[in-house]
Each structure stands twice: as C-alpha cells, then as structure tokens.
Amino acid sequence: MSDLSGVLCVDKPLGMTSHDVVGRLRRVAGLRRVGHAGTLDPLATGVLLLCLGRAARLIEYLVGHDKVYETTVRLGQTTATYDAEGAVMEERPFLHLTLPQIEDALTQFRGDIRQQPPIYSAIKQGGQPLYKLARQGRTEVTRPYRPVTIHELTLLSWEPPYLSLRVGCSSGTYIRSLGYDMGEALGCGGHLSALRRLAVGDFGIETAVPLNNLTPENLTSHLLPPDTAVRHLPRLTLPETAVAAILQGKVVDQTESFPGDLARAYGPDGQFLGVVAAQDGYWVAHKMFPAVS
C-alpha cells in the first residue's frame, strides 16, 4: 500500500490520543507518512482528519476550519485539567440553579469572546508545551487570553449535575475552557465530562469511519482523493499548454480573475495538479502534485 495517498475522515474512539490514531493508521496502511490535522484529547471522540502519503503535504489546508461539538459539562466541580481526567480541585453547590439562570448565563459566551487556554494544553511557552510545565508544578505560567468566536451555543439538556450543549465555534476554541468559564459564570464551577466533535469544516461525523472498522483490506474504500483537502479553494482548470509549464515551476498567465490568492488547479482531463497562487497577474506553482509514473 506504499503508493496510497488521500484524506481520511475518522471517528476517533474514547481514550486514544490523536498520535495513537496516527500510529494505528500507519500499521493499517503499511505507510510511514501519516499525519493528522488538529488534535482531539483522549477524553474526546469524533471527527479527526488525517492525510496519508503524498496528501500529507496538504494537511495545512485542513487546519483552521470551524468546528461543531456536543459536550457535557459537569457543574459543581472544578478540576486541574478542566475535564474529567484531572483531580477535583473544588466542589460548590449547584442544585439551586434554574433553567432560566443557565440560559441567561450562556448569552455571554455567544459571538466574539476571549478565553484563556487551560494550563494542561499543548500551547507552547518558551518552547515547552503548557501541559509539561504544569506537570512540573509551574502553574503560575502566563496564559494570554485569545479571541475566538462561538457561532452556536445551544442548551440540549439540564439533568443535574450535567449540562449538555451543542457548540459551533472558530478554530482554536478550547471547549474545556468554555466549560470552566461557564461554571464560573454560574458560580458553581464546572468541568467537561464528555466531548464529541461532530464536524470540521464540511467534514461531518455522518461520513466519518470508526477507527476500529479500518483494515488493510477496506482502507482504500474509505480514502478520499488528496484534493479533498483543498475543496474549499476555488477550482481552476488550466489548458493543456499551461499544465506542463506550471508543473515545471513556470508562471502561467491569469486569463480570468479569481477570489482569493490560492486555487486548486486541474488539467483539462480533470487531473489534480496542485495548489497555485495568484501573483502579479500570473499563476505560480505553490504546492504541486505531478502524476506518479
């Protein structure tokens, strides 16, 4: 399977790290070149995008998309990690909360907000991930607030002490921080007890294959073409005379205007050529995929 190349939309199971998933796929595919776009904590399940073979060069285009989650916040307890994996730090009353109070508290978390990443996160400071500093007991580390956007925040159920929510958000949002901040806004504290990612951009859970279902025999049937990673970019079809030129790194005249600076380029036969960039009235090679002989 060494010539395999493409995008895989996986439903990550509970308890595995994203790196664990990459390791499993390497064994299933018999392929070293496997990478993942974005990270899911071991507590989280759901959509994880991976690129295999030459398609790994396109991982950067799968990062930065909006996400959709369903999550459960356990009110009344705070933990060191902001989720159920951490030690309980504090317990506070929560049974006095009413549904209107909760709904009212949620309003402040919709739209453009600022949030502080959890101390147990992969964000680096001085070249070290915060979680490593936290494990060294350095909890005084500065964690700058960052702007994120919550497009959707819907209350699904309130069954004390569990608050279930659907969240649509920008890339870079920490749902663990969101759960913690909600608990503080309600005055009782809270941490995530469950998290499921339903979508990354237009890759949805309904098309994700459970990781445990993948075998060397069926892997290719679930593999999406490499250009799936850039399907959000405008499509450009080049004439035959321009195909060889762009693949050789030469510039090609722009004969029509295009939105944005990047496009996914194809030959007249529909062959995916790669990603090209607009520059001073020309198309220039940006990340090309010449046919494998």
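Just the heavy atoms: all of them, side chains too, but no hydrogens, waters or symmetry mates, feed the values below. Since the model is a prediction, treat every value here as computed from it, not as a measurement.
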Joint hydrophobic cluster, Val22 plus Met16, side-chain heavy atoms closer than 4.5 Å: yes
Show the atom names and distances, to 0.1 Å, of all donor-acceptor pairs under 3.5 Å that link a side chain in residues 277-287 to residues at least two apart or in another chain.
residue: His286; atom: NE2; partner: Tyr61; partner atom: OH; Å: 3.3
residue: Lys287; atom: NZ; partner: Arg57; partner atom: O; Å: 3.0
residue: Lys287; atom: NZ; partner: Glu60; partner atom: OE2; Å: 2.3

Can you give me every donor-acceptor pair (side chain of residues 33-51, partner residue at least two apart or in another chain, under 3.5 Å) with its distance?
residue: His36; atom: ND1; partner: Gly38; partner atom: O; Å: 2.5
residue: Asp41; atom: OD2; partner: Arg176; partner atom: NE; Å: 3.1
residue: Thr45; atom: OG1; partner: Arg196; partner atom: NH1; Å: 2.9

Give a yes or no on this: more than 12 heavy atoms of other residues, nucleotides or ligands lie within 6.0 Å of atom NE2 of His96. yes
Any side-chain heavy-atom pair from Val209 and Asp11 closer than 4.5 angstrom? no
Can you run down the salt bridge (charged side-chain N to carboxylate O under 4.0 Å, His left out) pairs that involve residues 79-95, sequence neighbours left out, and say none if there aren't any? Glu90-Arg92, Arg92-Glu184
Roughly how far, to the nearest 0.5 Å, is the CG atom of Leu75 from the CD1 atom of Ile102? 6.0 Å
Just wondering, do Arg146 and Pro117 contact through their side chains at under 4.5 Å, heavy atoms? yes
Per-pair distances, 0.1 Å, donor-acceptor, side chain in residues 221-229, under 3.5 Å, sequence neighbours excluded:
residue: Ser221; atom: OG; partner: Asn218; partner atom: O; Å: 2.6
residue: Asp227; atom: OD2; partner: Tyr266; partner atom: OH; Å: 2.6
residue: Thr228; atom: OG1; partner: Pro225; partner atom: O; Å: 2.7

Around atom CG of Asp261, are there more than 12 heavy atoms from other residues, nucleotides or ligands closer than 6.0 Å? no
Within the side chain of Arg114, is there an N or O that forms a donor-acceptor pair under 3.5 Å with the backbone of Pro147? no
Heavy-atom donor-acceptor pair, Asp20 side chain to Thr17 backbone, under 3.5 Å: yes
Keeping to residues at least two apart or across chains, list the salt bridge (charged side-chain N to carboxylate O under 4.0 Å, His left out) pairs with something in residues 238-247. none
Does some side-chain heavy atom of Asp66 sit less than 4.5 Å from a side-chain heavy atom of Val200? no
Rounded to the nearest 0.5 Å, how far does OG of Ser193 lie from CD of Gln77? 10.0 Å
If we ignore hydrogens and angles and just use 3.5 Å, is the side chain of Thr79 paired with the main-chain N or O of Gly86 as donor and acceptor? no
Scan residues 202-221 for pairs that pass ring-ring contact (aromatic ring centres under 6.0 Å, His included), counting only residues two or more places apart or in two chains. none
To the nearest 0.5 Å, tell me how far His65 NE2 sits from Lys67 NZ. 8.0 Å
Pro210: side chain to side chain contact (heavy atoms under 4.5 Å, CB included) partners, not counting sequence neighbours: Asn213
Nearest 0.5 Å please: distance from the CG atom of Leu262 over to the NE2 atom of His232. 8.5 Å
From the list Leu195, Leu198, Leu192, side chain to side chain contact (heavy atoms under 4.5 Å, CB included) with Tyr69 holds only for Leu195
Contacts satisfying ring-ring contact (aromatic ring centres under 6.0 Å, His included) that involve residues 180-202 (not counting sequence neighbours) are Tyr82-Tyr180
Under the rule for side-chain hydrogen bond (donor to acceptor under 3.5 Å, both in side chains), what residues qualify as partners of Thr207, not counting sequence neighbours? none
Test salt bridge (charged side-chain N to carboxylate O under 4.0 Å, His left out) applied to Asp202 - qualifying residues, sequence neighbours left out: Arg231
When hydrophobic residues are tied together by side-chain contacts of less than 4.5 Å, even through go-betweens, does Leu211 share a cluster with Val28? yes
Validation row: Val167, Thr173 side chains within 4.5 angstrom (heavy atoms): no
Are Met288 and Val252 connected in the hydrophobic side-chain network, where two residues link if heavy atoms are under 4.5 Å apart? yes
Roughly how far, to the nearest 0.5 Å, is the OG atom of Ser177 from the CD1 atom of Ile113? 9.0 Å
Please list, chain by chain and in numerical order, all residues satisfying salt bridge (charged side-chain N to carboxylate O under 4.0 Å, His left out) with Glu103, sequence neighbours excluded. none
What closest approach, in Å, do Phe94 and Gly76 show between heavy atoms, and which atom pair accounts for it? CD2-CA, 3.8 Å
Same cluster or not: Leu238 versus Phe272, using hydrophobic residues (I, L, V, M, F, W, Y) connected whenever any side-chain heavy atoms lie under 4.5 Å apart? no
Okay, side chain of Ser5, backbone of Ala55: is any donor-acceptor separation there less than 3.5 Å? yes
Starting at CG of Leu236, measure out to CD of Gln254 and round the result to the nearest 0.5 Å. 8.5 Å
Heavy-atom check, side chain of Thr78 versus side chain of Val88, under 4.5 Å: no
Using a 4.5 Å cut-off on heavy atoms from C-beta on, say whether the side chain of Leu273 contacts that of Val243. yes
Backbone of Ala245 reached by a side-chain donor or acceptor of Gln248 within 3.5 Å: no
With a 3.5 Å cut-off and sequence neighbours excluded, list the donor-acceptor pairs that the side chains of residues 153-161 form with protein atoms.
residue: Thr154; atom: OG1; partner: Glu152; partner atom: OE2; Å: 3.1
residue: Ser157; atom: OG; partner: Ser164; partner atom: OG; Å: 3.4

Can you check whether Leu163 reaches Arg74 side chain to side chain, under 4.5 Å on heavy atoms? no
Do the side chains of Leu247 and Val230 join up, straight or via other hydrophobic residues, at under 4.5 Å, putting them in one cluster? no
Pairwise side-chain contact, Leu106 with Met182, heavy-atom cut-off 4.5 Å (strictly under): yes
